[in-house]
There are 2 protein chains.
Amino acid sequence: MRHHRDDVVRHAIDVLDAYGLADLTMRRLAGELDVRPSALYHHFRDKQSLLAAVADELLRRGARPLAGTAWDEQVVEICSGLRDALLAYRDGAELVSTVIAFGLGASRPYDDLVAALGPAGLGDELTPTAARTLLHLVLGHTLDEQTHLQAGSAGAIGDEPRPRSDFTAGLALVVDGIRLRAVARGSARLDQGA
Amino acid sequence: MRHHRDDVVRHAIDVLDAYGLADLTMRRLAGELDVRPSALYHHFRDKQSLLAAVADELLRRGARPLAGTAWDEQVVEICSGLRDALLAYRDGAELVSTVIAFGLGASRPYDDLVAALGPAGLGDELTPTAARTLLHLVLGHTLDEQTHLQAGSAGAIGDEPRPRSDFTAGLALVVDGIRLRAVARGSARLDQGA
DNA sequence: ACCTGAACACCGTTCAAGT
DNA sequence: ACCTGAACACCGTTCAAGT
């Protein structure tokens with residue numbers, strides 16, 4: 001049976017969710033598609049590109065429209081939505097972190113954060129910094145969280161699972177720091193929780 | 001020639017720095033030590049444990065005494081020192097991030113941050129959250145930075161390198177957010193830069 | 001356009017046995 | 001205590017050739 005690129009990506013997500021990132025190999029994926037491993041190289045130049053496409057699809061599936069109007073509400077929505085998207089598939093956080101680190105894809109969340117931060121008036125220098133800081137927080141936290149959630153099945157010894165409020169609290173720290181800079185340029189109120 | 005554990009770790013750091021994390025394989029390391037790969041399993045139960053020991057040694061070499069007295073000075077020192085330690089060896093940030101994600105070692109920076117944050121009076125719930133948030137920022141940022149620094153030699157297309165001030169600015173954001181919570185419990189001044 | 005067959009150059013890990 | 005020899009069960013990638 002013949003496939004095209006989208007079939008491969010869909011099957012790759014299934015393999016990811018069922019077996020984890022370490023077992024998402026070209027050979028295993030080819031096996032699931034009932035095809036020789038070399039056939040995959042017709043659709044993707046290498047494994048990194050495949051993983052980038054899988055990460056993009058995972059984020060696309062988790063995408064939600066923004067409801068809030070204020071920049072800080074939107075930032076919290078984007079970050080929470082990203083976390084939910086990462087948690088929706090096994091090893092989602094590890095996959096997206098890897099793809100972002102290699103700089104081959106998964107750039108949507110960063111772009112969305114930059115756009116949402118616009119009205120905060122941080123300036124052209126601080127806005128990308130703030131967006132990256134938020135992104136690092138979400139990826140790092142969710143990677144931690146997902147690793148600990150899955151610690152039962154894997155070999156790693158997990159200490160206590162993260163309390164539910166931990167993500168929100170960490171995010172609020174950073175948003176407050178950003179709000180302080182926005183305030184310095186004279187706009188939002190300082191004491192609203194994130 | 002016979003080695004013990006410390007020799008293996010030292011050679012592993014050399015291989016890491018010379019060839020990168022992807023080429024720090026058990027087989028290559030064994031080759032450098034002029035030993036069969038199976039000999040390494042006398043010293044370490046698996047590759048993860050070896051990497052954990054390498055990460056700990058890398059952090060040990062980068063350790064510096066704390067000069068500051070105020071908690072926010074100490075936090076900035078710890079984070080900057082961690083960044084410097086990670087940048088001192090090729091793929092240092094990726095190695096330490098991996099080891100921390102697996103929860104097998106490299107816990108010193110987290111412990112130091114928790115200790116430094118003590119006097120901020122954040123409480124038992126927020127202190128670990130703040131420490132993790134800082135750690136995620138430093139690891140994420142430095143991983144980004146190191147990837148872009150090394151982008152010339154690797155295949156990944158790096159966009160512009162991070163501006164020098166980016167790390168400091170991102171760190172200041174988070175420290176300000178923490179300071180705000182410390183202020184809420186009534187201690188430090190709010191307008192001191194990080 | 002999509003795939004096979006066959007190969008190349010590797011991996012981590014185990015385990016009995018040696019000194 | 002530290003190591004060898006040999007094997008097991010895998011990897012990603014290339015490339016000529018097929019339909």
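First the proteins, then the strands, lettered A, B, ... as listed; each starts at 1.
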* To do: Start with the C-alpha gap between B/D46 and B/S49, add the side-chain angles, then the distance that decides, and say whether side chain to side chain donor-acceptor pair (under 3.5 Å) holds.
  => CA-CA 6 Å; B/D46 53 22; B/S49 305; 2.8 Å; yes
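- Cation-pi geometry between B/R28 and B/Y19 is met: under 6.0 angstrom from the ring centre, within 45 degrees of the axis.
- Cation-pi geometry between A/R83 and A/F167 is met: the NZ or CZ atom falls under 6.0 Å from the ring centre, inside 45° of the normal.
- Remark: P of C/dT13 and CG of B/L29 are 13 Å apart, rounded to the nearest angstrom.
- Relative to the six-membered ring of A/Y110, A/R132 misses at least one condition, a distance below 6.0 Å or an angle of at most 45° to the axis.
- Regarding A/L40, its CG atom lies at a distance of 11 Å from the C1' atom of D/dG12, rounded to whole Å.
- Only the C1' atoms considered, C/dC2 is 13 Å distant from D/dA17, to the nearest whole Å.
- The listed nucleotides are D/dT14, C/dA7, D/dC3; the one nearest the side chain of A/Y41 is D/dT14.
- Place A/R28 and A/R45 on DNA chain D by their nearest nucleotides, and A/R28 ends up nearer the 5' end.
- Comparing A/Q48 and B/R5, the nucleotide of DNA chain D nearest to each residue sits closer to the 5' end for B/R5.
- In this structure, C/dC10 forms no base pair with any nucleotide, since neither Watson-Crick nor G-U wobble geometry is met with both distances under 3.5 Å.
- Taking a cutoff of 4.0 Å between a charged side-chain nitrogen and a carboxylate oxygen, A/R10 and A/D7 qualify as a salt bridge.
- The nearest whole Å value for the distance from the CZ atom in B/F102 to the C1' atom in C/dG12 is 13 Å.
- Out of C/dC11, D/dC2, D/dT4, the shortest distance to the side chain of B/A39 is found at D/dT4.
- When rounded to the nearest whole Å, the span between CG of A/D46 and P of D/dC11 equals 17 Å.
- Checking the phosphate oxygens (OP1, OP2) of C/dA1, no side-chain nitrogen or oxygen of A/H43 falls inside 4.0 Å.
- Per the geometry, NZ belonging to A/K47 stands 9 Å off P belonging to D/dC11, to the nearest Å.
- When rounded to the nearest whole Å, the span between NE2 of B/H11 and C1' of D/dC2 equals 16 Å.
- Between the C1' atoms of D/dC3 and C/dA16, the separation comes to 13 Å (whole Å).
- Comparing atom distances between the B/H42 side chain and each of D/dC2, C/dC2, C/dG5 picks out D/dC2 as nearest.
- Closest to the side chain of A/R36, from the set C/dA1, C/dT13, C/dT4, is C/dT4.
- Residue A/R2 has its side chain nearest to D/dG18 when only C/dT19, D/dG18, D/dT13 are considered.
- In the set C/dG12, C/dT4, C/dT19, C/dG12 carries the atom at the smallest distance from any side-chain atom of B/T25.
- The distance from atom CG of B/D23 to atom P of D/dG12 is 16 Å, rounded to the nearest whole Å.
- Pair assignment for D/dT19: C/dA1, on the basis of Watson-Crick or G-U wobble contacts that are both within less than 3.5 Å.
- Between the CG atom of B/L21 and the C1' atom of C/dC11 there is a distance of 14 Å, given to the nearest Å.
- Of the two residues contacting DNA chain C, namely A/D34 and A/R27, the nearest-nucleotide position lying further toward the 5' end is that of A/D34.
- With both ends at atom C1', the span from C/dC11 to D/dC8 equals 12 Å, rounded to whole Å.
- Side chain of A/Q146 to main chain of A/Y89: a donor-acceptor pair is present (N/O by atom type, distance under 3.5 Å, no hydrogens or angles).
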